[in-house]
Amino acid sequence: TSNFCCRKQTVPCCCKRIHSDAKLKDPFTLAQKDLNHLYDDIKKELFVSKSELKSLCDYYFDGKGKAFRPMIVVLMARACNIHSNRDGDLLPGQRSIAMISEMIHTASLVHDDVIDGSDKRRGKTTINEVWGERKAILAGDFILSAASMALARIGNNTVVSVLSQVIEDLVRGEFMQLGSKENESERFKHYLEKSFKKTASLIANSCKAVSILVNSDPEVQEIAFQYGRNVGIAFQLVDDVLDFTACASQLGKPSATDLKLGLATGPVLFACQQFPELHAMIMRRFSTTGDVDRAWQYVLESDGVDQTNYLAQSYCREAIRQISLLRPSPERDALIRLTEMVLTRDK
């Protein structure tokens, strides 16, 4: 692993070439003042008198999450506002969308952990492990219902329909993950589509939603959507690489999780081209004794990890190409810088 980490840091970043002139801002610092009260605001939305439900719902909103999605949403909102000849300040509806994106994301994690039978999340014991599966499912549902109510209050029908699409995509993506494709050529397409639905749709549609509130130009809305879509898919590809290369201590969850769940992600699908014997293992979802270890070895002996990283870089290049169509602003530059951080993160 150490060998790979050294190599990973030297990957030439696509961002520098495209944007060498800008003093790229730190996205976290720029978004910070808009996100200061994010978790407090979410807890207000989750107001319930029943104490057990309250502790379940507040469990992951402890302020320790990275708030990666709300940060992108806030930066995109400011970049679109400046592009549309306004000052950069957030409109109340845009601030709500940042909060709603984190609520939908967290609800989906609660449900995913039940489906996967996970016992660790963000370094904590999972809700299903502490309170049991039934209550975990209900907590996820409750967070989603609170997000839906906050969404309705924004009072813009287009925004409601764009963010409702996210919830549909999350469910469809989870169903896609439960199946596997027999045909090898269809398999990669299935994997990328699943990655869009499970990860990128939330980022893409949240970005589009904040642009809708300030600009009726479909081209601007499409730029916001495409930036989110490409960054989201790159984020998931890097996530799938980290499952093979990061240590459990960094990830806050044990490695090779995907293989143990029977999932063939990018590195495995690329490795399959060099080691065709992976095909049978993929079809039986690594269920035979020794499959997980053998598949792990094949991936590390192949260039599956490198190829997945290259693919992530190409998605980031496209994200930069899209966002560069907006008028220059510190927030736009921070979104460019963010693509670099997505590629070089180690957890």
Side-chain angles (χ1 to χ4, degrees), residues 8-35 66-90 94 97-98 101 195-196 199-215 217 219-239 241-242 308-347:
K8 195 172 87 177
Q9 298 314 323
T10 59
V11 169
C13 179
C14 51
C15 324
K16 298 217 176 61
R17 282 198 307 283
I18 296 174
H19 216 78
S20 53
D21 56 329
K23 173 89 180 74
L24 294 181
K25 301 274 187 186
D26 173 48
F28 291 96
T29 314
L30 257 185
Q32 195 48 54
K33 59 178 179 293
D34 288 317
L35 298 176
K66 292 190 291 290
F68 175 74
R69 288 153 190 82
M71 175 181 63
I72 292 184
V73 172
V74 160
L75 294 172
M76 180 61 77
R78 287 176 166 271
C80 288
N81 293 356
I82 289 167
H83 180 79
S84 309
N85 284 324
R86 299 178 63 105
D87 59 15
D89 288 345
L90 290 194
Q94 291 174 324
I97 290 166
S101 72
S195 299
F196 169 73
T199 304
S201 170
L202 174 60
I203 302 174
N205 283 300
S206 303
C207 285
K208 182 177 180 177
V210 289
S211 75
I212 288 168
L213 289 179
V214 73
N215 199 311
D217 181 354
E219 281 183 28
V220 173
Q221 295 171 16
E222 185 63 12
I223 289 166
F225 178 88
Q226 288 300 337
Y227 173 84
R229 174 181 165 273
N230 283 284
V231 163
I233 293 174
F235 186 91
Q236 187 56 53
L237 290 167
V238 171
D239 214 53
V241 160
L242 289 173
T308 310
N309 272 328
Y310 289 136
L311 187 59
Q313 284 173 37
S314 73
Y315 276 102
C316 281
R317 274 197 295 274
E318 178 58 18
I320 292 168
R321 192 185 73 75
Q322 293 283 348
I323 200 70
S324 300
L325 298 169
L326 292 185
R327 194 172 281 180
S329 65
E331 285 78 9
R332 184 199 72 165
D333 292 347
L335 287 168
I336 291 171
R337 165 91 178 91
L338 196 72
T339 62
E340 188 181 324
M341 292 163 71
V342 163
L343 292 174
T344 54
R345 72 195 176 98
D346 58 3
K347 58 178 178 180

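Just so you know, these numbers use all the heavy atoms, side chains as well, and skip hydrogens, waters and symmetry mates. The first residue in the sequence is number 1, and the count goes up from there.
- Atom CZ of R327 has more than 12 neighbouring heavy atoms from other residues, nucleotides or ligands inside a 6.0 Å radius.
- For the residue pair S201 / N205, a side-chain donor-acceptor distance below 3.5 Å is found, with atom types taken as modelled.
- Between R332 and I82 there is no side-chain heavy-atom pair separated by less than 4.5 Å.
- Note that the CG atom of L326 and the CD atom of E331 stand 11.5 Å from one another [nearest 0.5 Å].
- Between the CG atom in L75 and the CG atom in D34 there is a gap of 8.5 Å [rounded to 0.5 Å].
- Side-chain contact, S195 with Q236: no donor N or O sits under 3.5 Å from an acceptor N or O.
- Residues N230 and R321 have side chains not in contact (no heavy-atom distance under 4.5 Å, counting atoms from C-beta outward).
- Partner of M76 under the side-chain contact (heavy atoms from CB on, under 4.5 Å) criterion, out of N81, I97, I323: I323 alone.
- Remark: Q322 pairs with I223, Q226, E318, L325 by the side-chain contact (heavy atoms from CB on, under 4.5 Å) rule, at least two apart or across chains.
- Taking the side chain as every heavy atom from C-beta outward, S206 and R69 never approach each other to under 4.5 Å.
- Within the 4.5 Å cutoff, no side-chain heavy atoms of R317 are placed close to those of T339.
- Taken from SG in C80 to CD in Q221, the straight-line distance is 9.0 Å, to the nearest 0.5 Å.
- Using a cutoff of 4.0 Å between basic side-chain nitrogens and carboxylate oxygens, D239 and R345 are scored as salt-bridged.
- Going from atom CG of L202 over to atom CZ of F196 covers 10.0 Å, rounded to the nearest 0.5 Å.
- Checking side-chain atoms of Y227 against main-chain N and O of L335 turns up a donor-acceptor pair under 3.5 Å.
- Put simply, the side chain of L237 does not reach to within 4.5 Å of the side chain of Q313, judged on heavy atoms.
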